Amino acid sequence: MTSTSPSTALPENPTLDGVEAKMVSRWAKERTYAFDRSAERANVFAIDTPPPTASGSLHVGHVFSYTHTDTIARFWRMRGKSVFYPIGWDDNGLPTERRVQNYYGVRCDPSVAYDPSFEPPEKPGKQEIPISRRNFIDLCHELTLIDERTFEDLFRTLGMSFDWDYQYRTIDDDSRATSQKAFLRNVSRGEAYNQQAPTLWDITFRTAVAQAELEERERPGAYHRIAFARPNGDPVVIDTTRPELLAACVALVAHPSDERYQRLFGSTVTTPLFGVEVPVLAHELADPQKGSGIAMICTWGDTTDVTWWRELNLPTRAIIGREGRVVAEPPEVITSAEGRERYSQLAGKTVFAAKELVVQMLRECGALESEPRPINHPVKFYERGERPLEIVSTRQWYVRNGGRDSEIRDRMLARGEELEWIPAHMRHRYANWVQGLAGDWLISRQRYFGIALPLWYRLDADGEPQYDTPIIPAEASLPIDPASDVPPGFEQSQRDQPGGFAGDPDVMDTWATSSLTPYIASRWERDPDLFDRVFPMDLRPQGHDIIRTWLFSTVVRADLESGTLPWKTAGVSGWILDPDRKKMSKSKGNTVTPIGLLSEYGSDAVRHWAASGRPGTDIAFDPQQMKIGRRLATKLLNASKFALGTGASADDATNPVTEPLDRAMLSALADVVEAATRAFEQFNYTVALERTETFFWSFCDNYVELVKARAYGEGTGAESARSALSQALSVILRLFAPIIPFVTEEVWSWWQDGSVHLQNWPQSDELRQSTVDPRALPVAIEAIAAIRKAKSEAKVKGSAEVAGVVATLPADRADVLRLVQDDVAAAGRASTFTINEADIEPQYVIELV
RNA sequence: GGGCGAUUAGCGCAGUGGUAGCGCACUUCGUUCACACCGAAGGGGUCACUGGUUCGAACCCAGUAUCGCCCACCA
């Protein structure tokens with residue numbers, strides 16, 4: 001049989017130039033990656049793709065982890081699954097607000113009236129322009145759309161096989177309706193509640209912050225030794241880093257077993273400066289080793305204060321307001337004229353200024369036992385904030401997540417056990433977090449660009465909101481904006497009037513919405529047919545830094561709403577570290593933008609580099625590594641052209657493979673197929689790549705060299721060679737396709753129909769040869785390597801003629817060598833080839849011309 | 001303080017009981033004959049340390065050290 005396939009059209013000079021653009025447009029036009037929604041659930045592979053933060057920028061870390069998921073998606077697609085691979089954009093929340101603020105030079109001021117004709121300046125001015133909430137939100141929508149277009153271009157260039165018809169935005173109406181509906185279901189089942197309570201508060205952004213958004217930073221501070229007075233005038237000295245909270249002091253506390261303070265428990269002392277009588281109490285959390293062993297409890301200097309305040313039933317004397325300044329009114333308990341006068345000097349001051357003044361006052365009245373001793377200590381910050389958090393009493397909405405309820409906590413821990421984790425040890429991070437929860441999930445935020453809490457409150461005759469009985473909208477009316485929509489049974493004129501209603505002014509935490517991505521992407525209750533085919537999903541890919549936020553909150557929501565895990569497997573990816581092994585992040589300024597990498601090395605090269613990072617492991621960024629994939633892609637072009645240039649075509653794959661070398665090569669390839677398949681099934685794209693790549697280079701360097709002379713000839717030997725080349729190339733392209741989709745598609749297009757990405761994943765049994773000595777290939781390689789070595793040592797070129805080769809090796813290996821003798825002689829350009837048998841290590845004597 | 005991970009060639013990394021590997025970098029040689037974004041042949045490692053298990057340990061066990069990450073109540 002000769003090569004007659006009309007589809008074979010080899011390029012003169014194969015090149016990678018322009019291949020990305022060509023394939024991106026072809027895949028879009030042909031809808032290569034469209035989800036087949038007629039598939040039953042069992043035949044679907046559904047992925048809960050992380051929606052990138054639209055206001056950020058994509059960096060090389062995104063390229064890394066998104067590539068990992070894409071290889072898995074492509075593998076399952078070729079295995080015949082209908083792959084549900086949507087993409088969303090996380091565009092609600094504070095990051096967007098900050099970006100809009102900087103990009104346009106504006107500031108949201110809810111007191112400003114809406115200006116329909118407002119246009120932002122060309123360039124941001126020095127002074128931020130105050131604009132209405134509605135204008136601000138319009139700009140958020142505008143800018144995120146621009147950003148998302150840029151992201152889409154990058155993802156397409158990278159070769160992500162998303163189905164772009166299943167896009168969502170976390171701020172679009174569908175996401176808003178889903179988020180509000182899920183929240184209202186939580187409310188109706190008693191899983192969400194509102195409460196006035198001490199709240200971690202960011203004074204810059206003026207919003208409450210959840211436990212999951214905290215981070216600790218080392219900050220300089222100082223111990224201040226302050227003397228309280230016993231009724232008899234004896235001093236009791238405490239150490240504090242927060243002397244400015246003295247007016248908020250409600251008690252002193254020491255460890256119950258601390259002998260130094262035993263006699264004080266139950267007695268009272270008087271605060272300096274303000275003359276307030278406070279009790280001395282005992283509590284296990286007081287650490288005898290810290291400071292003087294006795295601490296001042298204030299409302300509230302830190303989370304320990306909150307614990308003490310709650311467990312010891314102490315009164316509230318909060319003095320720090322939402323702006324981070326001392327409030328105007330002193331606590332009622334300060335009654336002395338002197339105390340009230342001192343307080344009035346503090347009122348309105350920032351925490352920092354108040355601290356200085358209190359220290360000065362203490363010094364003047366002799367209550368400062370010694371000068372402040374500087375220390376460095378951990379201080380809690382909002383992860384995006386720049387000033388330490390304060391604790392302020394506010395009313396907020398919470399969702400029960402096990403933080404205050406051991407039954408729910410145990411259930412969430414069980415979910416963590418039920419989930420398959422890749423890599424397995426990430427399971428501990430989840431358990432660690434859930435076990436350490438300090439309270440329920442605070443989901444309300446005092447911000448603008450977010451999804452509104454879909455509630456109103458009745459106002460009583462005094463205009464006070466009735467928080468216990470919120471007015472809940474009908475699900476069909478969602479999404480709603482309580483700031484402009486009017487609840488059923490009320491008139492707009494009753495807004496904010498006594499006896500009328502008020503809209504909840506807050507928005508939901510961004511995680512309250514992104515915890516619903518499995519519901520948003522699968523169009524929960526908007527498209528029940530789709531939902532049933534894809535939920536619960538198969539895979540959640542994500543970074544390990546957001547196990548405590550995105551992963552955990554998604555598990556919570558699915559447990560509460562559906563009583564199930566949201567997905568079967570969590571694939572946790574590692575970080576990209578810079579060459580100094582520090583995590584790359586924008587704030588450190590050590591990020592690498594992917595666009596330059598993609599254009600310099602090509603998408604396949606960058607993907608190859610990404611796929612060489614094992615699941616879950618951090619990897620140091622080194623642009624040198626991009627060259628490996630580039631070289632592979634180039635090799636694939638040239639080797640394919642050469643193999644097909646022998647005349648091998650798609651039709652030849654059905655020719656009988658008769659030659660031992662060919663049969664041994666195909667059997668070795670069958671082993672590779674099995675290993676790669678097993679690896680991919682375990683999400684290990686790295687091992688799949690490594691096995692395929694090793695085989696491919698040996699295939700090029702050895703098998704193709706050994707067989708080329710025969711393949712160019714005629715007869716059964718030539719037909720066998722061309723069949724083996726055709727089969728092997730087809731399989732190799734398919735094995736590589738998930739990792740390097742561009743070059744494989746390019747080569748496939750030269751000689752095959754359709755997209756390589758829609759072909760069946762290769763099966764080992766199609767390649768496995770029933771009668772073959774598998775040693776034929778390694779023995780042939782050993783022989784040709786010996787000839788090459790002799791030529792290299794003699795410093796002659798590889799194409800030099802060889803007068804004769806004498807091989808001496810054990811009888812059974814000699815038999816194998818005889819099977820491939822002609823191929824070796826041809827490839828080595830040896831005119832005579834003699835095989836002797838002896839029970840020694842194989843030995844080759846090469847006589848050069 | 002609790003938890004998790006890492007430590008293998010100059011650099012980046014594979015290798016989980018059977019003769020230490022890959023890529024980059026390095027050395028030498030080789031381009032009309034698929035590929036210079038190339039090929040061939042080389043050099044280079046007490047597998048962090050100390051014990052133990054085993055016929056045999058980079059691998060299993062115990063401990064130590066160093067680095068990194070996560071968590072924990074900031075006096």
Side-chain angles (χ1 to χ4, degrees), chain A residues 10 13-16 216-219 221 223-224 238-242 245 252-254 283-287 289-298 301-308 375 377-380 388-389 423 425-438 544-545 547-548 574-575 577 579 581-583 601-602 605 609 612-614 616-622 624-646 686-687 690 693-694 697 700-701 704-705 708 785 787-800:
Chain A
L10 297 182
N13 296 301
T15 176
L16 297 171
E216 288 196 345
R217 299 177 198 164
E218 280 289 321
R219 282 293 179 273
Y223 276 129
H224 301 74
I238 60 103
D239 267 303
T240 181
T241 56
R242 307 268 333 242
L245 294 178
L252 300 191
V253 66
H283 194 278
E284 298 283 342
L285 279 182
D287 182 351
Q289 306 299 318
K290 277 192 184 164
S292 58
I294 186 164
M296 154 174 106
I297 305 176
C298 305
D302 59 38
T303 50
T304 317
D305 275 347
V306 177
T307 307
W308 281 326
I375 53 161
H377 63 156
V379 179
K380 280 190 171 41
L389 291 171
H425 68 255
M426 290 296 173
R427 175 189 308 282
H428 300 291
R429 301 232 175 161
Y430 174 95
N432 213 320
W433 174 255
V434 176
Q435 279 157 358
L437 286 172
H544 56 61
D545 53 327
I547 289 174
R548 66 178 183 170
W575 293 117
L577 309 173
R581 309 207 70 81
K582 294 279 179 285
K583 187 200 154 199
Y601 297 100
W609 164 75
S612 65
R614 280 178 309 150
T617 55
D618 296 345
I619 189 165
F621 179 75
D622 177 5
Q624 290 292 328
Q625 304 294 319
M626 308 293 159
K627 299 200 306 203
I628 304 168
R630 183 67 176 184
R631 204 167 62 112
L632 173 65
T634 305
K635 189 76 173 180
L636 206 43
L637 285 181
N638 288 302
S640 302
K641 183 193 166 196
F642 183 60
L644 296 170
T646 63
T686 306
V687 165
E690 199 261 337
E693 196 172 356
T694 301
W697 282 102
C700 293
D701 296 344
V704 174
E705 291 295 326
K708 66 181 174 187
I787 295 171
R788 281 179 189 146
K789 185 172 179 179
K791 288 179 180 176
S792 181
E793 284 170 354
K795 307 200 170 183
V796 300
K797 50 187 176 182
S799 57

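Please read all numbers here as calculations on a predicted model, not as lab measurements. Labels below follow one simple rule: chain letters A, B, ... track the order of the sequence lines, proteins then strands, and each chain is numbered from 1.
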Practice prompt. Return yes if the base of B:C74 and the side-chain atoms of A:Thr241 contain a donor-acceptor N/O pair under 3.5 Å, otherwise no.
Written response: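 Per atom types, no contact qualifies.
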
Discussion item. Counting distance alone, no hydrogens or angles: does the base of B:A40 have a donor or acceptor under 3.5 Å from a partner atom on the side chain of A:Glu793?
Written reply: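 Donor-acceptor pair under 3.5 Å: no.
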
Euclidean distance for [atom1], [N] against [M] (whole angstrom):
N	M	atom1	result
B:C59	B:C47	C1'	10 Å
B:G21	B:G15	C1'	7 Å
B:G30	B:U8	P	37 Å
B:C24	B:C61	P	35 Å
B:A9	B:G23	C1'	12 Å
B:A20	B:G56	C1'	15 Å

Do any N or O atoms of the protein come closer than 3.5 Å to N or O atoms of nucleotides 36-38 of chain B, and which pairs are they?
{"from": "B:C37", "atom 1": "O2", "to": "A:Arg630", "atom 2": "NE", "distance (Å)": "3.0"}
{"from": "B:C37", "atom 1": "O2", "to": "A:Thr634", "atom 2": "OG1", "distance (Å)": "3.4"}
{"from": "B:C37", "atom 1": "N3", "to": "A:Arg630", "atom 2": "NH2", "distance (Å)": "3.4"}

Discussion item. Tell me whether A:Thr646 contacts the main-chain N or O of A:Phe642 through its side chain, where contact means a donor paired with an acceptor under 3.5 Å.
Written reply: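 Such a contact is absent between A:Thr646 side chain and A:Phe642 backbone.
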
Which one is paired to [N], where only Watson-Crick or G-U wobble pairs with both distances under 3.5 angstrom count?
N	result
B:C73	none
B:G68	B:C4
B:A9	none

Item to complete: Please tell me which of the listed nucleotides, B:A34, B:G42, B:C74, lies nearest to the side chain of A:His377?
Response: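 Of the candidates, B:C74 comes closest.
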
Practice prompt. Side-chain contact test, heavy atoms from C-beta onward, threshold under 4.5 Å: evaluate it for A:Leu632 versus A:Trp697 and give yes or no.
Written response: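 With C-beta onward as the side chain, the pair touches.
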
Discussion item. Does B:C69 have OP1 or OP2 under 4.0 Å away from a side-chain N or O of A:Arg429?
Written reply: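 Indeed not, no polar side-chain atom of A:Arg429 lies that close.
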
